[in-house]
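Written below as structure tokens is the structure these notes are about.
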Amino acid sequence: MNALSRTTPLKTQFFNRDPRRVARALLGKLLVRKTPHGLLAGRIVETEAYLGSDDAAAHSAAGKTARNFVLFGPPGIAYVYFIYGNHYCLNVSCLPDGVAGGVLFRALEPVAGIEQMAAARGIKVDEIDLAKVSSLKKLSSGPGRMAAALGVTRVRDNEKSLVSARSDLRIVDDGYRVRRVTVTPRIGIVKSAEHPLRYFIAGNPFVSGRSL
DNA sequence: GAGGAGATCGTCT
DNA sequence: GACGATCTCCTCT
């Protein structure tokens, strides 16, 4: 894949800062999954920042539990949780060890391994029209969808480093430059819903929900 | 195209 | 026992 030929993996330090800065900086980067059948990759087009103890909407707001301890750990680690009895959502921890914070990945633009992603989503390959955005968008637009497309589960990926060379799930920079970022309130939450902590690439058609 | 409700289960109270 | 950082299907327009 040409898109993946010259990439730089992100380092731990990238995540060792305010989740709002990480959420914005992650836009345009590639989320890459190595599988025995090849590489899956999607460009990150939409994220949400979840702050630590001051953010009522964050899982970490009520303190450290067996479920959310990853958010309190070192930066650059995957936090995967199961929601609504159906879906997994993928986050990455931010800030130094001991300080809670994270970023939720909300939507990807499929870049490589589209056939595998479709299969993982239970969509037949011949149902995907590569020329149509509306068709590709079903693959990974939304937290549950993109997690399913990359085969992300709690058992498999929670606590996994996203910056280790040994990891099969990583984030890389291929030099793509984001022109404009739009910031809106987060989606699907009730508590602290008013804060503008959702970031997406302006005008990108793969953004989930309403893209103002 | 928009809006509403059901599915379904891990986690926390 | 209640609820949730969602998705899909169904109905109505």
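All values reported here derive from a predicted model rather than from experimental measurement. Per chain, numbering begins at 1; letters A, B, ... match sequence-line order.
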Given atom OH of A:Tyr84 and atom C1' of C:dG4, what is their separation to the nearest angstrom?
4 Å
Find which nucleotide of DNA chain B each of A:Asn68 and A:Asn86 is nearest to by heavy atoms, and output the residue with the more 5' nucleotide.
A:Asn86
Looking only at side-chain atoms of A:Arg145, point me to the closest of C:dA5, B:dC12, C:dT8.
C:dT8
Check this one for me: any side-chain N or O of A:Arg121 less than 4.0 Å away from OP1 or OP2 of C:dC7?
no
Could A:Arg17 and A:Phe14 be counted as a cation-pi pair, given that NZ or CZ must be under 6.0 Å from the ring centre and within 45° of the axis?
yes
Provide, to the nearest angstrom, the distance between the CD1 atom belonging to A:Ile83 and the P atom belonging to B:dT8.
16 Å
Tell me whether A:Ile77 shares a hydrophobic cluster with A:Leu95, the cluster being built from Ile, Leu, Val, Met, Phe, Trp, Tyr side chains joined at under 4.5 Å.
no
Tell me, please, whether A:Tyr50 has A:Arg186 positioned over its six-membered ring: NZ or CZ under 6.0 Å from the ring centre and within 45 degrees of its axis?
yes
Are the side chains of A:Asp173 and A:Leu30 in contact, using a 4.5 Å heavy-atom criterion?
no
Separation of B:dC9 P from A:Arg154 CZ (nearest whole Å):
16 Å
Dot-bracket for DNA chain B, please, read 5' to 3', with Watson-Crick or G-U wobble pairs under 3.5 Å on both distances, ( ) within the strand, [ ] crossing, | other strand, . unpaired.
|||||||.||||.
Students often mix this up, so state it plainly: with edges at 30° and 60°, are the rings of A:His59 and A:Tyr79 parallel, tilted or perpendicular?
perpendicular
Could you tell me the separation between the CZ atom of A:Arg67 and the C1' atom of B:dT13, rounded to a whole number of Å?
13 Å
Is the Lys NZ or Arg CZ of A:Arg43 less than 6.0 Å from the centre of A:Tyr176's six-membered ring, within 45° of the axis?
yes
A:Pro143, nearest nucleotide to its side chain (from B:dT11, C:dA5, C:dC7)
C:dC7
Okay, side chain of A:Arg198, backbone of A:Glu48: is any donor-acceptor separation there less than 3.5 Å?
no
Please give, in whole Å, the distance from B:dC12 P to A:Lys64 NZ?
13 Å
Are A:Tyr50 and the base of C:dA5 stacked, counting only ring centres nearer than 5.5 Å and planes tilted under 30°?
yes
Neighbour count above 12 (heavy atom, 6.0 Å) for A:Arg156 CZ:
yes
For A:Val32 against A:Val172, the heavy-atom pair lying closest together
CG2-CG2, 3.9 Å
Side-chain contact check for A:Phe82: nearest option of C:dA5, B:dG10, C:dC7 is B:dG10
Assess, by modelled atom type and distance only, whether the side chains of A:Arg145 and A:Ser140 contain a donor and an acceptor separated by less than 3.5 Å.
no
Could you give the OH-to-P distance, from A:Tyr88 to B:dA7, as a whole number of Å?
20 Å
From CD of A:Glu48 over to C1' of C:dT6, roughly how many Å is that when rounded to an integer?
12 Å
Value in whole Å for how far the P atom of C:dT6 lies from CG of A:Leu139
19 Å
Base, sugar-phosphate, or nothing for A:Arg186, non-hydrogen atoms under 4.0 angstrom?
nothing
Let's see if you get this right: which residues in residues 101-110 of chain A place a heavy atom under 4.0 Å from DNA chain C?
A:Leu104, A:Arg106
